[in-house]
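Have a look at the structure below, then the notes.
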Amino acid sequence: MTTQQAVVVRARRGVRITQYGPLRISFDDRVLEPRPWTAVQGRWARQLTEVVPEGPVLELCAGAGQIGMLAVHGTERDLVSVDSSPAACSFIRANARSAGMVDRIDVRNARVVDGCRPDERFPLIIADPPWVPRSQTGQFPSDPLDAINGGSDGLAVARQCLAVIADRLELEGVALLQLGSVDQIAALARELPAGLVMNEYRAERGCGAVVKIVAVDPGTQRH
């Protein structure tokens with residue numbers, strides 16, 4: 001999805017392993033290859049675990065699970081990892097075992113909108129949706145199509161993530177949403193549901209961007 005690739009440290013029987021911060025992440029061609037720049041999101045989320053309310057972290061479109069695992073690594077928080085790909089969920093479980101975190105990670109093979117139970121709320125949500133516009137996916141032939149295809153404008157799945165964030169993020173909780181560019185952030189900002197505020201972003205030139213979304217009381221929100 002970008003020109004920046006992970007450094008693969010071993011390959012065997014189609015499964016590759018890359019070093020991702022303190023984690024060794026397994027994946028294959030059915031799962032989007034972990035990009036080093038996305039560790040920005042994981043490290044940012046890790047910092048936020050120290051200030052948001054107590055409770056588990058939710059990751060949407062988790063892929064091989066590396067960003068969410070980096071976020072909770074070294075903490076006592078649990079992680080709920082949601083992905084619609086059975087292959088991705090299999091790798092999340094394998095990577096959780098490798099990191100000694102299997103008892104703390106609840107892996108759910110589900111669509112974005114179906115991944116949470118009715119009563120669940122989260123103080124921190126990480127979302128890593130596909131964000132390549134459909135017309136541009138041919139530029140990335142080595143990437144799984146379903147892991148990069150963001151629809152006509154690249155924001156189709158991001159909108160689903162935003163709806164889940166609006167419904168599941170605790171008051172004063174924080175979400176980190178990965179997109180392809182600052183322009184995509186600006187476009188999605190115009191569609192923010194009441195009660196959500198975008199107040200910061202971090203961009204990696206030529207790679208992508210991560211925007212911070214905060215849940216506020218709609219009654220006190222300025223328009």
Side-chain angles (χ1 to χ4, degrees), residues 1 31-32 34-35 38 40-42 44-45 48 52 55-72 79-85 88-89 92 106-118 120-134 137 143-171 173-203 207-216:
M1 194 156 60
V31 180
L32 190 65
R35 267 57 170 183
T38 62
V40 169
Q41 187 178 15
W44 194 359
L48 290 169
V52 298
V57 177
L58 170 66
E59 183 177 24
L60 303 170
C61 306
Q66 68 275 5
I67 298 176
M69 289 175 60
L70 185 58
V72 301
L79 175 68
V80 175
S81 296
V82 177
D83 200 284
S84 61
S85 163
C89 290
I92 297 171
D106 181 358
V107 183
R108 301 179 186 178
N109 182 198
R111 299 184 307 158
V112 165
V113 296
D114 298 325
C116 299
R117 293 188 288 268
E120 286 185 308
R121 299 293 182 273
F122 299 89
L124 179 59
I125 299 177
I126 304 166
D128 319 311
W131 42 254
V132 178
R134 184 184 300 114
T137 56
D143 291 335
L145 183 60
D146 60 352
I148 65 171
N149 184 1
S152 60
D153 63 354
L155 295 174
V157 185
R159 291 187 179 95
Q160 296 177 23
C161 291
L162 196 60
V164 174
I165 290 168
D167 192 39
R168 301 295 176 177
L169 189 60
E170 290 183 4
L171 188 63
V174 178
L176 295 179
L177 172 64
Q178 183 189 134
L179 294 171
S181 66
V182 175
D183 288 342
Q184 284 191 334
I185 291 175
L188 206 60
R190 294 190 287 269
E191 304 178 25
L192 272 184
L196 297 181
V197 175
M198 289 182 178
N199 64 1
E200 185 180 354
Y201 71 86
R202 300 179 185 180
C207 295
V210 178
V211 61
K212 178 182 176 183
I213 302 172
V214 180
V216 300

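This structure is a prediction, so every number in the text was calculated from the model and none was measured.
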(request) Run through Val57, Leu169, Val72 and flag the one making a side chain to side chain contact (heavy atoms under 4.5 Å, CB included) with Leu124. (result)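 Option passing the side chain to side chain contact (heavy atoms under 4.5 Å, CB included) with Leu124: Val57.
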Kindly say whether [Y] contributes a backbone atom to a donor-acceptor pair with the side chain of [X] at under 3.5 angstrom?
{"X": "Glu59", "Y": "Ala127", "result": "no"}
{"X": "Gln41", "Y": "Thr38", "result": "no"}
{"X": "Gln178", "Y": "Val210", "result": "no"}
{"X": "Glu120", "Y": "Cys116", "result": "no"}

Just verifying a value: how many Å separate [X] [atom1] and [Y] [atom2], rounded to the nearest 0.5 Å?
{"X": "Leu60", "Y": "Ser84", "atom1": "CG", "atom2": "OG", "value": "11.0 Å"}
{"X": "Leu48", "Y": "Ile125", "atom1": "CG", "atom2": "CD1", "value": "12.5 Å"}
{"X": "Ser81", "Y": "Ile126", "atom1": "OG", "atom2": "CD1", "value": "8.5 Å"}
{"X": "Trp44", "Y": "Leu176", "atom1": "CH2", "atom2": "CG", "value": "5.5 Å"}
{"X": "Asp183", "Y": "Ile185", "atom1": "CG", "atom2": "CD1", "value": "9.5 Å"}

When you compare the side chain of [Y] with that of [X], does any pair of heavy atoms fall below 4.5 Å?
{"X": "Tyr201", "Y": "Val182", "result": "yes"}
{"X": "Val112", "Y": "Val157", "result": "yes"}
{"X": "Leu188", "Y": "Leu177", "result": "yes"}
{"X": "Ile213", "Y": "Leu162", "result": "yes"}
{"X": "Glu200", "Y": "Val211", "result": "no"}
{"X": "Val214", "Y": "Leu196", "result": "no"}

Please report the closest heavy-atom contact between [X] and [Y], naming both atoms and the distance.
{"X": "Ile148", "Y": "Leu32", "value": "CG2-CD1, 3.8 Å"}
{"X": "Pro133", "Y": "Ser152", "value": "CB-O, 3.9 Å"}
{"X": "Val80", "Y": "Phe122", "value": "CG2-CE2, 3.9 Å"}
{"X": "Asn149", "Y": "Thr137", "value": "CA-CG2, 4.0 Å"}
{"X": "Pro118", "Y": "Arg168", "value": "O-NH1, 3.0 Å"}
{"X": "Ala110", "Y": "Gly115", "value": "CB-CA, 4.0 Å"}

(request) Decide, yes or no, whether a salt bridge links Asp83 with Arg111 under the criterion of side-chain N to carboxylate O below 4.0 Å. (result)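 So Asp83 does not pair with Arg111 through a salt bridge.
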(request) Using the salt bridge (charged side-chain N to carboxylate O under 4.0 Å, His left out) rule, take Arg159 and Asp153 through it: C-alpha gap first, then chi angles, then the decisive distance, then the call. (result) CA-CA 11 Å; Arg159 291 187 179 95; Asp153 63 354; 2.7 Å; yes
(request) Assess whether atom CZ of Arg202 is packed by more than 12 heavy atoms of other residues, nucleotides or ligands within 6.0 Å. (result)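 Above 12, so yes.
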(message) Quick one, Arg35 with Gln66, criterion side chain to side chain contact (heavy atoms under 4.5 Å, CB included). Give me CA distance, side-chain angles, the key distance, then yes/no.
(response) CA-CA 10 Å; Arg35 267 57 170 183; Gln66 68 275 5; over 6 Å; no
